[in-house]
Amino acid sequence: MNKILMNNEKNLFSEQEKIEFSKNDTLLMEMDHIQKQFFLVVLDNVCVTLNFLAYDVDFSFHIKLGKNSHLTINALFIEGSFHIDTSLEGESANFSCNYSMIAGKDSHNTIEVYHHQSNTISHLRNHGFSINKSAIVLDVSSTIFKDASKCISHQDNQIIEQQNSLSQINPNLYIDNYDVDASHSAYVGEFKENELFYLMSRGISMKDAKYLLLKAFLLGNLSLETDMKEKYEKKLTDFLSKEV
Amino acid sequence: MNFSIENLNVNSKDQKEILKDFSLTVKPGEVHVIMGPNGTGKSTLSKVIMGSNDYIVHHGDIKINQESILSLDTCERSRKGIFLAMQSPISIEGVTNSEFLRTALSSKQGSNVGIYPFIQMMETAMKDLKMDDSMMHRSINQDFSGGERKKNEILQMKILKPNFIILDELDSGLDVDSLKIVCDNIQQYLKENPTTSVLIITHYTRILDYLHPDFVHIMEKGKIVKTGDFTLAKQIEKNGFSCVIEVSEDNVNE
Ligand SMILES: Nc1ncnc2c1ncn2[C@@H]1O[C@H](COP(=O)(O)OP(=O)(O)OP(=O)(O)O)[C@@H](O)[C@H]1O
Ligand SMILES: [Mg+2]
């Protein structure tokens, strides 16, 4: 797997802001304190997984997917914000966006997908955790154009907050074709009482129970291999230990 | 442990009166059974003992060895040795059984349990219960069948080693063979831990063929209305609650 590190001093990608994938690849991008805009193209029949581990990053991503291509994004953002728009330009292009974010400051995110062609698929899973009273906003929209039939487009959006915050989810489906399979769901609320009760009934403290649920919520949302999961978990634990 | 409930009155948050003047004393090593019609408050009782926030205790007390536990939260009650095998165990996506139980055991022991001894302990316990090894690494109860969830409760019991066990309809969802396996495990546990007491909530006597009760209580409308032995349970199974409850209501009115 290729690895790209980016921060203020070191920016390997400073010139090259457009990435084109012409063969299958898995990439880890670790980013720290930067503001960045990227263009990405996945060519026909290519399968790519992008793992993002970002700390205090303001990131915009413009993506085009070719015919039969497959892109999976597993992004954990700690603070910062994420803007992504993806155009499914080739038939049967398949896009999975697994985005988890945890923020102690306000954070505005936009996730947009455009189905231009038939048989295209998108799954958007956005999970946010608001620390203290920070407001996380998720603007999520899926658009299916008139000529794109037999598309599948699903959104699962959730924000967990500790206290009433001003967090909100704005899920949108714009569909201009009759023959589609589409859905969206949105949940903003606290940890589920019955889950906390079950864990605590086995002797686990409230704090540890919440940590287990938080980890499941943020990391379980991403489809990561074990070693990668450990890396993400470490980043999350380091951050939380400083927060508490 | 000496466990007692004294004149407990409990409402739901929306002010529905569920337990009314409920009292019960369980001594070390005793097996008690509560039977009663649907909706009479049996599961509520079990959750209130465990410290659920869904209910408000507005009168009475729950004590372990003469000390009130009402001010303790759920995890502290568990660490005191109370274990509730729930009627409908929920699933929790993303938290694996092993991670969950290792955290629980570490909390109870007050120090981190090493992975290797823990896995060994789990493997042995799962083998005893004829559970598949893979369940260790699956999310808690996620996609488990009804019976598998019940077995998973008893797995947790075996690992956490409580001394007051509440079994809320353990027998529902378990097939005949699984019920035997699970009860054999509980029996074995009680043999090794003879001061452990059990409170069994059930609608059927089959489970009582394995776990022989010292007392059988009939609960109706939030309180115990009659107490007897195993024969009372047999009588209820045969004839229903109606005769027992009518008689006791007369007694109450006197
Ligand atoms: N949190 C709650 N809020 C409101 N009502 C509740 C709550 N929990 C229980 N109840 C009500 O209290 C009554 C007792 O419920 P409970 O689950 O304790 O019955 P049970 O005796 O366990 O019944 P079963 O034999 O069917 O399991 C029921 O009428 C139920 O609807
Ligand atoms: Mg019940």
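Please read all numbers here as calculations on a predicted model, not as lab measurements. So you know, we letter chains A, B, ... as the sequences are listed, proteins then strands, and number each from 1.
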Which bit of [X] is near chain B, if near means a heavy-atom gap under 4.5 Å: side chain, backbone, both or neither?
X         : result
Lys192(A) : neither
Glu193(A) : side chain
Asn194(A) : both

Holding to side chain to side chain donor-acceptor pair (under 3.5 Å), I want the full list of residues that pass it with His59(B), two or more places apart in sequence or in another chain.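 Counting only residues at least two positions away or on another chain, His59(B) forms no side chain to side chain donor-acceptor pair (under 3.5 Å).
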If the condition is side chain to side chain donor-acceptor pair (under 3.5 Å), which residues does Tyr189(B) pass it with, not counting sequence neighbours?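 Partners of Tyr189(B) by the side chain to side chain donor-acceptor pair (under 3.5 Å) criterion come out as none, since no residue qualifies.
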At a 4.5 Å cut-off on heavy atoms, which part of [X] comes close to chain A: side chain, backbone, both, or neither?
X         : value
Lys80(B)  : neither
Pro162(B) : neither
Ile140(B) : side chain
Asp54(B)  : neither
Ser91(B)  : backbone

Would you say [X] has more than 12 foreign heavy atoms packed within less than 6.0 Å of its [atom1]?
X         : atom1 : result
Gln142(B) : CD    : yes
Leu166(A) : CG    : no
Lys229(A) : NZ    : no
Glu93(B)  : CD    : no

Criterion side chain to side chain contact (heavy atoms under 4.5 Å, CB included) on Met121(B) and Lys158(B), from CA distance to verdict: CA-CA 9 Å; Met121(B) 201 189 298; Lys158(B) 282 167 73 85; over 6 Å; no
What about Phe38(A) and Phe59(A), are their ring centers closer than 6.0 Å?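 Ring centres of Phe59(A) and Phe38(A) closer than 6.0 Å.
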In terms of heavy-atom pairs under 4.5 Å with chain A, which of Pro89(B), Gly51(B), Ala104(B), Ser106(B) leads?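 That would be Ala104(B).
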Among Met157(B), Met50(B), Lys108(B), single out the residue with the greatest number of heavy-atom pairs under 4.5 Å to chain A.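 Most heavy-atom pairs under 4.5 Å with chain A: Met50(B).
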I need the contact set between residues 74-83 of chain A and chain B: heavy-atom distance under 4.5 Å, sorted by residue number.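 Within residues 74-83 of chain A, near chain B: nothing under 4.5 Å.
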Hey, is the main chain of Ser141(A) close enough, under 3.5 Å, to the side chain of Glu112(A) for a donor-acceptor pair?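 Here the side-chain-to-backbone pair does not exist.
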Do the side chain of Ser122(A) and the main chain of Ser153(A) share a donor and acceptor less than 3.5 angstrom apart?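 Here the side-chain-to-backbone pair does not exist.
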Who are the ring-ring contact (aromatic ring centres under 6.0 Å, His included) partners of Tyr232(A), not counting sequence neighbours?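 Tyr232(A) satisfies ring-ring contact (aromatic ring centres under 6.0 Å, His included) with no other residue.
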Pairs of heavy atoms under 4.5 Å with chain B: top-ranked of Gly220(A), Gly203(A), Ala209(A):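 That would be Gly203(A).
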